[in-house]
**Student:** 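Please see the structure below; I have some questions.
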Amino acid sequence: MAEKNLIDRGTSRRLAPGDASPALGPLAPFGRAPSEPWWLPGVVGGSTSGEPAWAVFAREAVAAAPRDVVVADRTYLGLSGFGPIVAPFVEAAAGRLRDRLAGVEPEGDGAPVLVDFRRQLTRRLARVAARTLVTELHEARRLGRLSGEGSKERFRDFVASTARRDGLDRLVAGYPVLARLLATACLNSADAFAELVARLAADRHLLAPAGVLGDRGGALGTSTGPGALTGVEAGAGDSHRGGRSVMLLRFADGTRLVYKPRPLAAHRHFNSLAEWFGSLPGAPELRVLRVLDRGDYGWAEFVEERPCASEAETRQFYRRQGALLALLHTLDGTDLHHENLIACGPHPVLVDVETLFHPPLGPARSADPAARALHDSVHRVGLLPQLLVGDTTALDMSAIGGGGAASSPIETADWAEAGTDRMRLVRRAGRFTESANRPRLGTEAADPSAYTEALCDGFRAGYTAIHDHRDELLGTKGPLRRFAGDEVRVVPRPTWTYTTLLDESTHPDLMRDATERHRVLSLLRTPLLGVPALPGVEDEEIAELWCGDVPVFTTRPGCAELWSGTGRTVAGPAPDGSATGADAATGLARVEAKVRAMDTVDRQDQERIIRTAMVSTSPRPPHRPGPGGRAPAAAIAPEPEQLLSAARSVGDRLVSLAYRHEGRTNWIGLELLGERYWRLTPMAADLAGGYPGPALFLAQLAALTGVSRYAEVAREALAPVPGLLDALHGRADELGALGSGAYAGLGGIAYALTEVGTLLGDPEVLDLAGPAVRLSCAANAAEDGYGVRGGAAGGLVSLLAVYHATGRPQAWWGAVRCADRLAAAPAPDTGGFADGAAGIGWAMLRLAGAGGDARHRSAGLAALRRATALTDAATAPAPAWCDGAAGVALAIADSPAAREDPELSGWLAARSGELAGIGPLADDSLCHGESGLLELLAHSALPALLPDVRTAWMRRAGTLLASADRAGPQCGTPGGVPHPGLLTGLSGIGHGLLRAGFPDRIGSALLLDPSRAP
């Protein structure tokens, strides 16, 4: 991402990859000389003494491989060319399955099942073996062992020679761990398919009466079951518990059915709860997925996507989705992403509810009260927009905002020039296909942001219905108690961690020695792959990964015990970081406590989170100022006390929005990523959108009013800064990525600490500026950015501001070094203040005016001239501080040397006149709204160039005041959604009001000027 943000970081000991790695079975049974057979000796008639089942299977599969193989002359895409090599393993597994199917499937000989089994297992085994096979392919080419005129012919020769019995024997002898993985996958897949078919045969007579066959099967019991089984698609979910996964079944009569190899009691009881919920006054009726619970497994209805018939049905869909959100939030549901919901006309249908009553893990234990609040909120459910962020893009994975066809933001392994002897691994973004979670009207998927009101209305109705009937819900015979003994899933860390580790641990170097692969899997014990939310689960995670499974952990709402996918008991969740096992609170107890605590204040807080989260689904560009349709105010100067009163209202709102706990305060805010994506998150440490922004404004407000609560919240907001600075002190390699910038870097923290410490007369806060200055200087030496927001220009002006306020010599010399980097930098290709030439030129001239040399002055003037040229060349110059004409004009107005230049002075007069005459903007923000434009018109340099500027300033100040007093401050976010931050949020608007009323006492945050101490 172009945007850099600072986050609170803790410190933890980095363990070596093999630390505390217990032996988990025969991990490396092939520790013999190369001349010996790769399998263990002692085999008599297919039985062994101490030989694992996978080793027996692998040996027999290799022994059954053909002596000669002919590879068809055709184009092989992806990994399909490796099919002949893994075919002996596939056929051995198919034989095992065929034996298990004999006499089980009454509708036929199981041939369709075997066809799908072979196809899917071939694809899986080829993926496991691919990296090793490509390595061997390259080695064979290097040594000249391949025959054929062309690259495709040589590839086919490699496949043919490796797929023969002697070639396959050499492969598994050289890579015994690969043999283990292939054999394990075969055994697990065969057993999973056989288990499915046996269960289907036993349950056919129950499926139609249960209604899981839908209309085709006769929900009233008019049919005895589906027809002949014609296909099975495995892998509809992750693999757990010995290769078992959700499977989709197809039958000859067109019926489809979903098989789930896990208990469905929780889903059955959820359906009963949803029926009760839908009967409450005001609550929308919810359609549920019909299921047949068979104890250890179950069958579920296959729900097809269906478009809405009208706009009214689309609104009904989102209203129901809001009510569903209220119900799932009540039940502590989580991980309900876009693949877990189907849009069936006006009904959102959940297809999976295995993560209800989920314990509060990870952020729930954080010292940050905003992180804890967000974790405990509706956001945790997973229905609301949540971004998966990569280096250059982001993707919404939620059930409401996600589901569109898009590139993955995370690059994964792929294969270039497949089917040739030049085949190689490459890293590139995969593709997500379109999901069925968004409602459609005709062929067009709905824009979720257009239905935020319907969503909130449904949530309000659902929340109120639960609140009003909670006694019935919590009764000893109420629908909640039915869940007590049901199996539910616990997710201790993101699933992608496991899937990535499974994929990356097939590297050929790890296929030779099980000990080496075990060390890689043991990275789960280190911070490198994230600390699990539940301690002590790593052994079970590693054991299940060795089986080729994504680790799974389960619990029951009525108890605090936790079980792994292998059936072992592990330590239960400890929400407060202390109690575990039987002493920990149960999921049912936590949900009951939540229901008892439901009230109007909490509901409004959840609605605010919903509205803020929905911002990320808006198609509106995040940084585009423009006319807002508001009427201009009369040209009457607002009284300072009026402006202060409005600023106090903003301050009071910030205090009310804050989450406070044990001496720490923070807010849930919107983070702008890469100037493209809004993300709901606890506020981080950057000045632009983090907690230093509210701290700065509240300190200014406290200095003017003497109100202690503003000062108290400002100090509490900065409470994590000492720990952050200490953590960064030992991480010099990370400072360059953070940068020295004023709004997205360490320079802004140094400036904010200096301002708050000065305004509050607090020496402890002021002293923190010292280490912040040192880190900012170190960051500048390693960063590659140049702008004010996140680069050297921001570091320059921040350090200069600290120097003027404190006299710290290190701040001065740090500013000079920033200027030296800017002087040697390439010419910027954008003209704006935040990231372009205007900000760079202004920073250089500010140093020149404070004692810098002529070189800095010359470079600054050149940058400002370039900024004016780039702005004039723009098709429609924006009236914004960040990247528009207002920022360029402000940079010139604030630079005496620039005002002395006739060309720049003339440009400033002309453009300021244009900007003064435009109508009220759409928002009031500093970044691209009224407050930023007001900063330009209030500058002391303008009256000499623009005689009527005072009239324009009065009109705009009146507009800002009227907005704050009547409609409320309009933030620079889509729809003006309230946000606490400085550049686009409430803190910046409050600061703008104070600047308008008290410019001699309150320094400009856009120009990083110091305020006057009281």
Side-chain angles (χ1 to χ4, degrees), residues 625 628 630 632-633 637-654 687-689 692-705 710 743 752 755 759 833-834 879-882 884 886-887 889-890 893-894 915-916 918 920-940 942 949 952-973 976 978-1009 1011:
R630 295 186 286 185
E639 293 295 330
E641 289 305 317
Q642 292 178 293
L643 294 163
L644 180 60
S645 176
R648 288 191 61 169
S649 295
V650 175
D652 291 340
R653 188 171 186 185
L654 276 173
L687 182 58
L696 175 63
F697 163 60
L698 291 173
Q700 293 170 343
L701 196 56
L704 288 171
T705 64
Y710 301 141
Y743 299 102
E755 276 284 279
L759 288 162
F833 197 115
W881 166 84
C882 54
L890 183 60
D894 196 56
L915 292 168
I918 65 174
L921 300 178
D923 68 76
D924 300 320
S925 71
L926 283 176
C927 190
H928 49 263
E930 288 292 340
S931 296
L933 189 50
L934 201 60
E935 186 68 54
L936 168 66
L937 300 179
H939 200 282
S940 59
L942 248 61
V949 70
W953 178 89
M954 289 190 295
R955 184 177 293 112
R956 305 208 82 87
T959 299
L960 180 63
L961 179 61
S963 174
D965 281 344
R966 297 171 192 169
Q970 296 298 300
C971 293
T973 55
H979 161 54
L982 183 70
L983 287 189
T984 58
L986 295 170
S987 297
I989 298 171
H991 169 79
L993 290 164
L994 295 183
R995 282 284 297 157
F998 306 90
D1000 294 334
R1001 293 188 58 184
I1002 301 300
S1004 169
L1006 292 183
L1007 296 173
L1008 285 92
D1009 286 331
S1011 298

**Student:** Among all residues two or more places apart in sequence or in another chain, which pass the side-chain hydrogen bond (donor to acceptor under 3.5 Å, both in side chains) test with Asp652?
**Tutor:** Arg709, Tyr710
**Student:** Supply the atom-to-atom distance Ser1004 OG to Leu994 CG, rounded to the nearest 0.5 angstrom.
**Tutor:** 12.0 Å
**Student:** Where is the tightest heavy-atom contact between Ala996 and Pro999, given as atom of each residue plus distance?
**Tutor:** O-CD, 4.1 Å
**Student:** Atom CG in Leu983, atom OG in Ser931: separation rounded to 0.5 Å?
**Tutor:** 11.0 Å
**Student:** Nearest 0.5 Å, please: how far is SG in Cys882 from OH in Tyr743?
**Tutor:** 11.5 Å
**Student:** Using 0.5 Å steps for rounding, measure from the CG atom of Leu993 to the CG atom of Leu960.
**Tutor:** 4.5 Å
**Student:** Run the side chain to side chain contact (heavy atoms under 4.5 Å, CB included) test against Ala916 and tell me which residues pass, sequence neighbours left out.
**Tutor:** Leu937, Leu946, Ala952
**Student:** Taking all heavy atoms of Glu930 and all of Pro920, pick out the closest pair and write down the distance.
**Tutor:** OE2-CA, 3.1 Å
**Student:** Between OG of Ser1011 and CG of Asp1000, what distance do you get to the nearest 0.5 Å?
**Tutor:** 11.5 Å
**Student:** Output all residues satisfying side-chain hydrogen bond (donor to acceptor under 3.5 Å, both in side chains) with Ser963, sequence neighbours left out; order by chain, then residue number.
**Tutor:** Arg630, Asp924
**Student:** Would you say Gln700's side chain and Leu759's backbone share a donor-acceptor pair under 3.5 angstrom?
**Tutor:** no
**Student:** Just how far is it from atom CD of Glu755 to atom CD1 of Ile1002, taken to the nearest 0.5 Å?
**Tutor:** 8.0 Å
**Student:** Less than 4.5 Å apart, side chain to side chain, heavy atoms only: is that true for Leu696 and His991?
**Tutor:** no
**Student:** Report the residues that fulfil side chain to side chain contact (heavy atoms under 4.5 Å, CB included) with Ser987, sequence neighbours left out, ordered by chain and then residue number.
**Tutor:** Leu654, Pro694, Phe697, Leu982
**Student:** What closest approach, in Å, do Gln970 and Asp923 show between heavy atoms, and which atom pair accounts for it?
**Tutor:** O-CB, 3.4 Å
**Student:** Heavy atoms only: give me the nearest His928-Ala880 pair and the separation to one decimal.
**Tutor:** CB-CB, 3.6 Å
**Student:** Can you name the nearest heavy-atom pair linking Leu701 to Ala647, along with the distance?
**Tutor:** CD2-O, 3.8 Å
**Student:** So which atom in Gly972 and which in Ser925 form the shortest heavy-atom distance, rounded to 0.1 Å?
**Tutor:** N-CB, 3.8 Å
**Student:** For Phe833, which residues count as a ring-ring contact (aromatic ring centres under 6.0 Å, His included) partner, sequence neighbours excluded?
**Tutor:** Trp842, Trp881
**Student:** Quick one: which residue pairs count as a salt bridge (charged side-chain N to carboxylate O under 4.0 Å, His left out) with a foot in residues 983-999, not counting sequence neighbours?
**Tutor:** Glu935-Arg995
